[in-house]
Amino acid sequence: MILSRDEHLHGSPAQARVHLRDLRDEDLIVHVQNGQRKAYDELVARYKGRLFSFILRMVKDPTLAEELAQETLIRVYIHAEKYREIARFSTWVFTIATNLVRNKMRQRSRRPRLISLNPAPLDDEMPVDPPDPKSDPTETIEREELSRIMAEATSRIPEKYRIPFLLREVEQLSYEEIQQVTGLKLGTVRSRINRARTRFRNLIKPMLRNETLLAELEEIESRANEDKD
Amino acid sequence: MRCTKAREYLSRHLDDNLPPRETGELDRHLDDCAECRTYRSDLRIGQRLLAATEPELPENFDWKLQLQLNRTLREAAGEAVLPWHEDHSVDRWSFLKSFGTATAAGLAAVLTLAMFLGPQLMPRGAAVPVAGTGPAANEAMVAGWDASDRLPLYTRGSGGSIFRDGSGLQAVSGQSRSTPWQRPETVSGWSGHRQYDLQTIQRLRYENRRLQNILGQYQHRVRALQTYLDTTGTGQLDLRNDPRSDPGSGPTDQNEQ
């Protein structure tokens, strides 16, 4: 039997997987730098969901979000040797993703806009339409519908506030890490997150008093906890 | 403390980023301000909503990533590999080591076949052409070489592959019986020009893959025959009665298909 390079490094494939799963991101990327492809697969497994989630909430287009998430992961592989452990690996990855998203949004904004025939343009502060459970009391609010509303609300936060907001709320990056990713000053990061939170709260305010929605939220959370267990 | 300041502190407090002194001030404000307490509650529900509605990955994400990565790596290899032109610290011939062994094995297999089959294919009295030596011949070969898609070690014929027909293994590079061997028109050396040399390298790699395919197919065939011998216990093979000696079942050049 011919063993691959990865298998030689860590014994059997199963042992290799266990070994890689125990490593920090920063150690895995060193293995990638040494040409170990399985370490890259492990990093992909850890980050693909987070990246897709972050990018989708930025660009609001699932196809484009998938494309940019893949582009980010490909750049991680191609430029692995450029990573130095002066920053956390997650900071480096999200810096790549943020730059890609910004470039894409800049390209979009350069395109000529179509003039809307709707005489009442959307107000950024206008709350998003909540689901109407009274229309069918037996119908529970589906998770997909809730996701759509959250995506709609998130997309209405201006981009300059949205990036630090999502990096904090979704990716749980620290203020210092967000500072590294965005290149903003620490005080600016704090104030932008605060402003984004206020806007987000105003956008979803009608939903926050909706008992059915809160019950559905608790159900989703309990299902997620069961899945984890 | 004003509510605006309290909400700014609240945001930082949610992120565990508020110093103890400011935390005390905030707590005192919250004790007296019902609106800010509601605001804090709203922010927490907002966080829970975001966490609960994390989007799911599209199907086949890994598979598509693999495809895209392979494509990117291929493109990168075709355009920017071998930085020896700019970087003199890199051994410009080191890349030959990676596929030299496999190429040698493939060439050995082809030459072995040619040794057995060549005399049958060669017209009587025909002399094997030998490439000229010396500067004049070399210059002539270089002058005759251009960037067209010609292979360096052999000439691609119309059916360019090694096929097995009813009379056994016979044709190399798809040449007809009347012209069984054709002198290579290209050179396998280096022109010193980066673009041409990269093209030569690409052709050599193509050849390497092709020869590896052929070698693999012959090895597989030998193993099958060996198994057949072992199972039948006979010392001889009657190819006429062996269903695996069907003309269409012989090794084929996958690169040519």
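In what follows, every chain begins at residue 1, and chains take the letters A, B, ... in the order their sequences are listed. Note that the structure is predicted; figures quoted are calculated from it, not measured.
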Decide salt bridge (Lys or Arg N to Asp or Glu O under 4.0 Å) for B/Asp42 and A/Lys205; before the verdict, give the C-alpha distance in whole Å, the side-chain angles of both, and the deciding distance to 0.1 Å.
CA-CA 8 Å; B/Asp42 289 350; A/Lys205 204 171 179 179; over 6 Å; no
Check your understanding: A/Thr198 and B/Arg7: side-chain contact (heavy atoms from CB on, under 4.5 Å), yes or no, with the steps?
Key -> CA-CA 9 Å; A/Thr198 305; B/Arg7 290 176 187 192; 5.7 Å; no
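Residues A/Glu66 and B/Lys64 are paired through a salt bridge, judged by an N-O separation under 4.0 Å between the basic side chain and the carboxylate.
Between B/Leu65 and A/Tyr77, the closest side-chain pair of non-hydrogen atoms is not below 4.5 Å. In this structure, B/Arg48 and A/Glu218 have side chains that are in contact, with non-hydrogen atoms separated by less than 4.5 Å.
Per-residue counts of heavy-atom pairs under 4.5 Å with chain B were compared for A/Gln70, A/Lys48, A/Glu71; the largest is that of A/Gln70. With chain B as the partner, the residue from A/Arg57, A/Gln172, A/Arg195, A/Glu169 showing the most heavy-atom pairs under 4.5 Å is A/Arg57.
Neither the backbone nor the side chain of A/Phe54 comes within less than 4.5 Å of any heavy atom in chain B. Only the side chain of A/Thr154 has a heavy atom closer than 4.5 Å to any heavy atom of chain B. At a 4.5 Å heavy-atom cutoff, the contact between B/Asp15 and chain A is made by backbone and side-chain atoms alike.
With A/Arg201 contributing its side chain and B/Gly46 its backbone, the two residues share no donor-acceptor pair below 3.5 Å.
Separating the OG1 atom in B/Thr72 from the CD1 atom in A/Ile74 is a distance of 4.0 Å, to the nearest 0.5 Å. With rounding to the nearest 0.5 angstrom, the CG atom of A/Leu217 is 5.0 Å from the CG atom of B/Leu49. Rounding to the nearest 0.5 Å places CG of A/Asn194 at 12.0 Å from OH of B/Tyr9.
Around NE2 of B/His220, the count of heavy atoms belonging to other residues, nucleotides or ligands within 6.0 Å does not exceed 12. With a 6.0 Å radius and a threshold of 12 heavy atoms from other residues, nucleotides or ligands, A/Glu81 has its CD atom above the threshold.
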